[in-house]
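Data block below; observations after.
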Amino acid sequence: DSMLRSAADIWAISDTLAAAVIDAYRETVNDRARVDTQVRAALLDTLLDGSGDPAGLWDAARLLRLPRQGRFVVVSAECLSPGEESVPRIESLLHRADVASAWRVDASRQEGIVALRARFDVDRLAATIGEIAVARAGFSSTFARLDDTARAVRDARLACAAGTPGSRTVTRFAEHPVAVLLASTPDAAAALARHVLGKVLDLPADDRAMLIDTVRTWLAEAGSTSAAAGRLHMHRNTVRYRLRRIEELTGRDLTKPLDLGEVHLALESARILALA
């Protein structure tokens, strides 16, 4: 009888000790994970921000399991809310495709460096990100030296800023030089948009959208009134009337290359800065 009563106490103590061990193990694992996350974030900051000497960059790349040589691209995506991934699960998706990458998320951006492969080039990466991104993203040009990463980060951020706010567009730095240039000088771009399109921007929202959509479509169709009318599902004369309204309000002649160039730059500035 005494042994039976003692056995119950022993089992109770054993359960208590087992629970304490499990709690301690979980706490240790969580602490280790926090340390690993902090170390990984520091390594990624070293690589993406270009802080440290070349040897430090190589060590960071090695510890992040990135190749020392190859073709790389940096991606910068806008976060809709602080700390929220704008390209969800991208690192695990790339890992399953045997593509090495490392990503970080801060208050405003999700950024990563991707080691491209022959069967997973920048086109496929852009298509993959375009399918899952919840906000606009930008790509740097491809590069081969890891000590060029900091420059590539700046280029990727400019490419992201050159996309349309509120969209899910993927913009490549090398393919949109005009938009990237305007995004790099937002104050000058805002002044240009206001100087050229001021009277258009001051119109009621519906009228403003109607005129700007018409001239953008006309420009996209290489100045073809018929093609623009077809895309907009309206008569050619309506397109011509709206283009004349743009000319009257801007004081620019759309048949003159320099005037047309100013209107195009102003329209791009207004798009990038969400003025219209």
Side-chain angles (χ1 to χ4, degrees), residues 76-82 84 86 108-109 126 129-138 157-172 175-276:
S76 180
E78 184 179 53
C79 290
L80 297 180
S81 60
E84 179 183 353
S86 49
S108 58
R109 301 183 186 93
I129 289 180
E131 290 175 356
I132 62 175
V134 297
R136 58 182 174 172
R157 289 177 180 178
L158 283 176
C160 180
T164 303
S167 71
R168 299 172 57 247
T169 55
V170 176
T171 305
R172 301 191 199 181
E175 293 183 356
H176 300 275
V178 171
V180 167
L181 176 63
L182 295 170
S184 69
T185 56
D187 291 340
L192 172 64
R194 176 55 59 181
H195 177 68
V196 176
L197 296 174
K199 293 182 179 180
V200 178
L201 298 178
D202 290 338
L203 291 172
D206 290 343
D207 293 341
R208 179 178 66 240
M210 175 187 66
L211 291 179
I212 288 180
D213 187 42
T214 299
V215 71
R216 281 177 173 159
T217 304
W218 179 73
L219 286 169
E221 294 296 339
S224 170
T225 304
S226 298
R231 279 186 58 180
L232 294 169
H233 307 291
M234 63 181 60
H235 196 275
R236 293 190 303 274
N237 289 339
T238 304
V239 174
R240 293 192 184 101
Y241 167 75
R242 293 181 181 178
L243 294 177
R244 285 196 298 271
R245 282 282 292 149
I246 288 287
E247 289 179 324
E248 293 170 0
L249 292 168
T250 62
R252 268 72 177 177
D253 184 345
L254 297 182
T255 65
K256 295 180 178 180
L258 289 178
D259 285 3
L260 180 60
E262 288 187 359
V263 171
H264 171 63
L265 291 175
L267 286 169
E268 279 292 89
S269 298
R271 176 187 63 80
I272 291 167
L273 299 173
L275 299 176

Once you round to the nearest 0.5 Å, how far does OG of S108 lie from CZ of R157? 7.5 Å
Close side-chain approach of E247 and D253, heavy atoms under 4.5 Å: yes
Straight-line distance of T250 OG1 to R245 CZ, nearest 0.5 Å: 10.5 Å
Please check if atom CG in D206 has more than 12 non-hydrogen atoms from other residues, nucleotides or ligands closer than 6.0 Å. no
Where C79 and R109 come nearest, the two heavy atoms and their spacing: SG-C, 3.3 Å
With rounding to the nearest 0.5 angstrom, report the CG to NE2 distance, L158 to H176. 13.5 Å
Is it the case that the side chain of R208 and the backbone of A276 share a donor-acceptor pair, with hydrogens and angles ignored and the cut-off at 3.5 Å? no
Answer whether the closest heavy-atom distance between the side chains of I246 and T214 falls below 4.5 Å. no
Please check: side-chain N/O of R168 versus main-chain N/O of A133, any donor-acceptor pairing under 3.5 Å? yes
Listing request: all side chain to side chain donor-acceptor pair (under 3.5 Å) pairs with a residue in residues 265-276, at least two apart in sequence or in separate chains. T164-R271, E268-R271
Interatomic spacing from CG in L267 to CZ in R216 - rounded to 0.5 Å: 5.5 Å
State the CG-NE2 distance between L254 and H264, to the nearest 0.5 angstrom. 13.0 Å
In sequence, state the C-alpha distance, the side-chain angles, and the governing distance for S226 and R236, and then conclude on side chain to side chain contact (heavy atoms under 4.5 Å, CB included). CA-CA 6 Å; S226 298; R236 293 190 303 274; 2.9 Å; yes
Could you tell me whether a side-chain N or O of T217 sits under 3.5 Å from a main-chain N or O of A228, the two making a donor and an acceptor? no
Please tell me if the side chains of L182 and L273 come closer than 4.5 Å, counting only heavy atoms from C-beta onward. no
Considering only heavy atoms from C-beta outward, does the side chain of L211 approach that of L249 to under 4.5 Å? yes
When every non-hydrogen atom of A162 is compared with those of I272, the smallest separation belongs to O-CG1, 3.7 Å
Could you give the distance from CG (L243) to OG1 (T255), rounded to the nearest 0.5 Å? 11.5 Å
Side chains of residues 188-202: which donor-acceptor partners sit under 3.5 Å, not counting sequence neighbours?
residue	atom	partner	partner atom	Å
R194	NH1	G198	O	3.4
R194	NH1	D202	OD1	3.0

What I'd like to find out is whether the side chain of V215 reaches to under 4.5 Å of the side chain of R242, using heavy atoms alone. no
The test is side chain to side chain contact (heavy atoms under 4.5 Å, CB included); show your working for R240 and T225 and say whether it passes. CA-CA 7 Å; R240 293 192 184 101; T225 304; 3.8 Å; yes
